[in-house]
Amino acid sequence: VHGYEKFESDYLINTGSPHYVKLTERVNEINVPVEGKKIRNHESFVKEGVNVNFIENSNEHLKVRTYERGVEEETYSCGTGVVASALIASLFNETEGRQVVNIETPGGNFEVSFVKKSDGSFTDIWLTGGAKFVFQGETYTDFFE
């Protein structure tokens, strides 16, 4: 990931999809569908869309909630959003080199490890966490014939 940019008092970063990351003090009190939609539909983003991550630095870990473009709703977890949130959270410390961030989302807990470079870029990014089977569908091909 080749850096980030400030947007007002928040951050923009692309981790495979564009993410807007907003630091907050009480992430569980945010109305994510309402507040996320406002940011996602801001005139700067409305054409392409942007995923919105609300993050709270809580002791030894980061709490993340995500409003996802396309879904147009809060999602329980978002891999690129968890990575974006960890990278932006690292900006609030002076440490360079290998870092590990533990993350809590409504969908589960994750770990993001990466190397933070002095030029503002990030390399060797790894996302670790569980996977849960949450949906099964069937395709009815007879319907389309």
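Note that the structure is a prediction, hence the values are computed from the model and not measured. For reference, positions follow the sequence shown, starting with 1.
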K.L.:
Atom NZ in Lys63, atom CZ in Arg26: separation rounded to 0.5 Å?
P.N.:
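Interatomic distance, Lys63 NZ to Arg26 CZ, rounded to 0.5 Å: 11.5 Å.
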
K.L.:
Run through the side-chain heavy atoms of Ile, Leu, Val, Met, Phe, Trp and Tyr, join any pair under 4.5 Å, and report what else lands in Phe54's cluster.
P.N.:
Phe7, Leu12, Tyr20, Val27, Ile30, Val32, Ile39, Phe45, Val50, Val52, Tyr67

K.L.:
With side chains defined as the heavy atoms from C-beta onward, is the minimum distance between Thr123 and Phe114 less than 4.5 Å?
P.N.:
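Thr123 vs Phe114: side chains apart.
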
K.L.:
I'd like to know if Phe92 and Val64 are part of one continuous hydrophobic network [Ile/Leu/Val/Met/Phe/Trp/Tyr, side-chain heavy atoms within less than 4.5 Å].
P.N.:
yes

K.L.:
Evaluate the side-chain proximity of Val82 to Val112: yes if any heavy-atom separation is below 4.5 Å, no if none is.
P.N.:
yes

K.L.:
Looking only at heavy atoms, what is the nearest atom pair of Pro106 and Glu74, with distance?
P.N.:
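Residues Pro106 and Glu74, closest heavy atoms: CG-OE2, 4.1 Å.
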
K.L.:
Any chance you could measure Lys47, atom NZ, to Asn41, atom CG, to the nearest 0.5 Å?
P.N.:
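Reported to 0.5 Å precision, the distance equals 15.5 Å.
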
K.L.:
Can you confirm whether Ile125 sits close enough to Val83 that some side-chain heavy atom of one is under 4.5 Å from a side-chain heavy atom of the other?
P.N.:
yes

K.L.:
Show the nearest heavy-atom pair for residues Ser77 and Gly108, with the distance to one decimal.
P.N.:
OG-N, 4.0 Å

K.L.:
Cluster question for you: counting only ILVMFWY and a side-chain heavy-atom cut-off of under 4.5 Å, with indirect links fine, are Val101 and Trp126 together?
P.N.:
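Different hydrophobic clusters.
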
K.L.:
Between Thr66 and Thr75, do the side chains contain a donor N or O and an acceptor N or O under 3.5 Å apart?
P.N.:
no

K.L.:
Look at the side chain of His19 and the backbone N and O of Val21, then say whether any donor-acceptor pair between them is shorter than 3.5 Å.
P.N.:
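No; zero donor-acceptor contacts below 3.5 Å.
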
K.L.:
Salt bridge or not between Glu72 and Lys37? Use side-chain N to carboxylate O under 4.0 Å.
P.N.:
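Not counted as a salt bridge, because no side-chain N and carboxylate O are separated by less than 4.0 Å.
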
K.L.:
Measuring from Lys6:NZ to Leu91:CG, what's the distance to the nearest 0.5 Å?
P.N.:
9.0 Å

K.L.:
Can Phe110 and Thr105 be said to form a side chain to side chain contact (heavy atoms under 4.5 Å, CB included), step by step?
P.N.:
CA-CA 8 Å; Phe110 301 89; Thr105 71; 3.5 Å; yes

K.L.:
Please list all pairs meeting salt bridge (Lys or Arg N to Asp or Glu O under 4.0 Å) that have one or both residues in residues 90-117, counting only residues at least two apart or in different chains.
P.N.:
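Passing the test, one end in residues 90-117: Arg98-Asp124.
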
K.L.:
Could you tell me which non-hydrogen atom of Ile55 sits nearest to which non-hydrogen atom of Ala89, and how far apart they are?
P.N.:
CD1-CB, 4.4 Å

K.L.:
With side chains defined as the heavy atoms from C-beta onward, is the minimum distance between Leu23 and Glu56 less than 4.5 Å?
P.N.:
no

K.L.:
Measuring only between side-chain heavy atoms, which start at C-beta, is Ser17 closer than 4.5 Å to Arg69?
P.N.:
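A side-chain contact under 4.5 Å exists here.
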
K.L.:
Drop me the distance from Asn57's CG to Ser85's OG, to the nearest 0.5 angstrom.
P.N.:
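The distance works out to 11.5 Å.
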
K.L.:
Could you list who else is in Val46's hydrophobic cluster, with ILVMFWY side chains joined at under 4.5 Å, directly or through other members?
P.N.:
none

K.L.:
Between OH of Tyr4 and OG of Ser121, what distance do you get to the nearest 0.5 Å?
P.N.:
10.5 Å

K.L.:
Return the CG to OG1 distance between Asn53 and Thr80, rounded to the nearest 0.5 Å.
P.N.:
7.5 Å

K.L.:
Between the side chains of Ser90 and Gln99, is a donor N or O closer than 3.5 angstrom to an acceptor N or O?
P.N.:
no

